[in-house]
Q: 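I have a structure I would like to understand better, so I am pasting it below and will then ask my questions one at a time.
Lettering of chains follows the sequences in order, A, B, ..., and the numbering in each one begins at 1. Because the structure is predicted, anything quoted here is derived from the model rather than measured.
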Protein chains: 2
Amino acid sequence: METLRERKKQRTRDALLRSAVELFTTRGYERTTVDDIAAAVDVSQRTFFRYFAGKDEAALALHDLVTERFIEAVRARPAHEAPMEALRRAVLGSWDTLNEIVEEVVPLEWFLRMYRVIEETPVLLAAHLRHSEETEETIARVLAEREGLDMDADPRPRLAVAVFGAVMRVTERQWTRREDFDLEAMRELTITYLEQAGPALTDSWRTH
Amino acid sequence: METLRERKKQRTRDALLRSAVELFTTRGYERTTVDDIAAAVDVSQRTFFRYFAGKDEAALALHDLVTERFIEAVRARPAHEAPMEALRRAVLGSWDTLNEIVEEVVPLEWFLRMYRVIEETPVLLAAHLRHSEETEETIARVLAEREGLDMDADPRPRLAVAVFGAVMRVTERQWTRREDFDLEAMRELTITYLEQAGPALTDSWRTH
DNA sequence: AGGCTAATGACAGCCGCTGACAATTGACAA
DNA sequence: TTGTCAATTGTCAGCGGCTGTCATTAGCCT
């Protein structure tokens with residue numbers, strides 16, 4: 001961020017991202033063309049593609065930002081915590097600092113609404129799931145290192161993270177369909193779903 | 001399959017699917033255009049899109065076929081089995097009858113190689129993950145009905161299926177990267193990974 | 001001030017995909 | 001058998017995402 005050039009680049013990127021998210025959350029993803037976004041920032045379409053690999057990358061950019069913070073949060077967890085507990089605390093912690101990160105670029109409101117856009121748009125949901133898998137691979141490596149394991153020989157890190165991710169995905173999905181669609185509700189849902197995941201696998205579901 | 005018309009339709013669909021899979025597994029997905037596929041069957045590009053909603057649907061069609069059988073297998077499981085056990089037996093059973101289903105359209109070899117193509121091609125992997133999530137929703141409904149639960153009030157069916165699906169995804173992914181890339185190896189991996197998933201969540205990973 | 005390099009715009013073109021309409025071909029009854 | 005109806009296909013035109021190329025502009029550095 002030193003030179004004028006770098007500041008200018010950052011500003012156009014932010015402007016593109018802002019316009020993209022605004023258009024996606026109002027007009028919808030499919031009904032927004034890349035030309036629309038570029039025009040809103042008064043930039044050529046070609047320039048858009050120099051900042052984002054594709055239309056979908058612009059839609060998921062905020063998410064990726066938050067995800068990075070989550071990964072760092074996992075890394076920052078004390079080594080004595082059990083893996084699943086570390087993941088649990090890392091997510092919940094991320095939700096706390098989320099506000100600050102997001103609002104440097106767009107209003108929190110827009111970020112939340114993007115969740116629903118993603119969930120409603122097949123191609124975006126697909127891309128989102130793929131990103132999530134990549135994230136899981138990264139986190140599995142973090143956990144493996146924490147515990148001193150070789151991931152190529154021991155599948156447990158990947159398995160644990162995949163299971164955790166699965167629970168989080170169900171949480172996310174159900175959350176976006178709720179009336180109380182805010183951070184506090186997400187927090188509660190996350191906690192209860194993580195609690196119920198274990199029993200759901202082992203216990204009988206039929207009421208005793 | 002009664003009338004000539006229906007038989008003809010089935011034949012062109014099969015031919016398109018066969019050509020698509022052959023081209024994808026040899027030339028690669030991205031390097032194969034829809035025009036290539038249509039030309040190989042001597043049909044217009046427009047006709048291809050009348051049979052497949054998109055290029056990716058043709059790439060995942062075989063997989064969807066197998067998935068349907070898996071869902072039926074779950075439905076067919078005796079009601080006294082615990083949910084996770086029913087899923088486990090259903091998958092393993094599916095792998096047994098897989099051969100017959102697939103070989104009605106393409107050689108089994110092609111089907112297996114498509115796994116790697118999917119895993120290597122970001123856009124295909126994304127679509128595959130989305131399909132998997134839809135499958136999980138369906139299966140959750142099946143389990144909920146088996147156990148007499150209301151999915152809207154009780155998250156356990158979705159959670160259990162999501163966790164099961166997560167383990168299967170890790171299995172799939174690791175399997176495609178192995179030397180012994182055949183059905184028998186997949187069988188073994190599935191069994192051991194499903195065994196290790198539980199302990200991976202609760203036990204300490206550090207050697208005692 | 002002037003040369004260097006990075007960022008942008010303009011243009012052409014490929015590919016996936018869709019709508020519309022005309023032509024063809026099988027189904028079915030008179 | 002033939003004529004009518006409906007389903008299948010081909011053709012064409014066009015949009016939108018995305019990329020390569022090259023000329024132009026604008027910040028950087030001595």
Q: With a non-hydrogen cut-off below 4.0 angstrom, is B:Thr47 in contact with a base, only sugar-phosphate, or nothing?
A: sugar-phosphate

Q: A:Arg7 has an atom CZ; how far is it from atom P of C:dA6, in whole Å?
A: 19 Å

Q: Measure the distance from CZ on A:Phe48 to P on C:dA7 and round it to the nearest whole Å.
A: 18 Å

Q: For B:Leu124 and C:dG16, give me the distance from atom CG to atom C1', rounded to whole Å.
A: 14 Å

Q: Do you see a donor-acceptor pair shorter than 3.5 Å between the side chains of B:Thr33 and B:Asp36?
A: yes

Q: What's the CD-P distance between B:Glu6 and C:dT25, to the nearest Å?
A: 19 Å

Q: Please give, in whole Å, the distance from D:dG17 C1' to A:Glu57 CD?
A: 13 Å

Q: So, B:His128 versus B:His63, ring centres under 6.0 angstrom or not?
A: yes

Q: Does either side chain, that of B:Ser44 or that of B:Thr47, offer a donor lying less than 3.5 Å from an acceptor on the other one?
A: yes

Q: Any N or O donor-acceptor pair under 3.5 Å from the base of D:dG10 to the side chain of B:Arg50?
A: yes

Q: Which listed nucleotide (D:dG10, C:dG9, C:dT18) is nearest to the side chain of A:Val43?
A: C:dG9

Q: Taking OP1 and OP2 of D:dA7, is either one under 4.0 Å from a side-chain nitrogen or oxygen of B:Lys9?
A: no

Q: Strictly below 4.0 Å: does A:Lys8 bring a side-chain N or O up to OP1 or OP2 of D:dG27?
A: yes

Q: Let's test your reading of the model: under 3.5 Å, does the base of D:dG20 pair with the side chain of A:Arg46 as donor and acceptor?
A: yes

Q: Does the distance from a Lys or Arg side-chain N to an Asp or Glu carboxylate O, for B:Arg141 and B:Glu145, drop under 4.0 Å?
A: no

Q: Rounded to whole angstrom units, what separation is found between the CZ atom of B:Arg11 and the P atom of C:dG26?
A: 10 Å

Q: Please state whether the phosphate of D:dT8, meaning OP1 or OP2, lies under 4.0 angstrom from any side-chain nitrogen or oxygen of B:Tyr51.
A: no

Q: What about A:Arg31: does its side chain form a donor-acceptor pair under 3.5 Å with the base of D:dG16?
A: no

Q: In this structure, is the centre-to-centre distance between the rings of B:Phe24 and B:Trp110 below 6.0 Å?
A: no

Q: Tell me: CD of B:Glu30 to P of C:dC14, nearest whole Å?
A: 18 Å

Q: With respect to the side chain of A:Arg5, which nucleotide from C:dA6, D:dT19, C:dC17 is positioned closest?
A: C:dA6

Q: With a 4.0 Å cutoff (strictly under), does any side-chain N or O of B:Thr3 reach OP1 or OP2 of C:dA27?
A: yes

Q: Does A:Thr32 have a side-chain nitrogen or oxygen under 4.0 Å from the phosphate oxygens OP1 or OP2 of D:dG16?
A: no

Q: Could you give the CD-to-P distance, from B:Gln45 to C:dC17, as a whole number of Å?
A: 9 Å

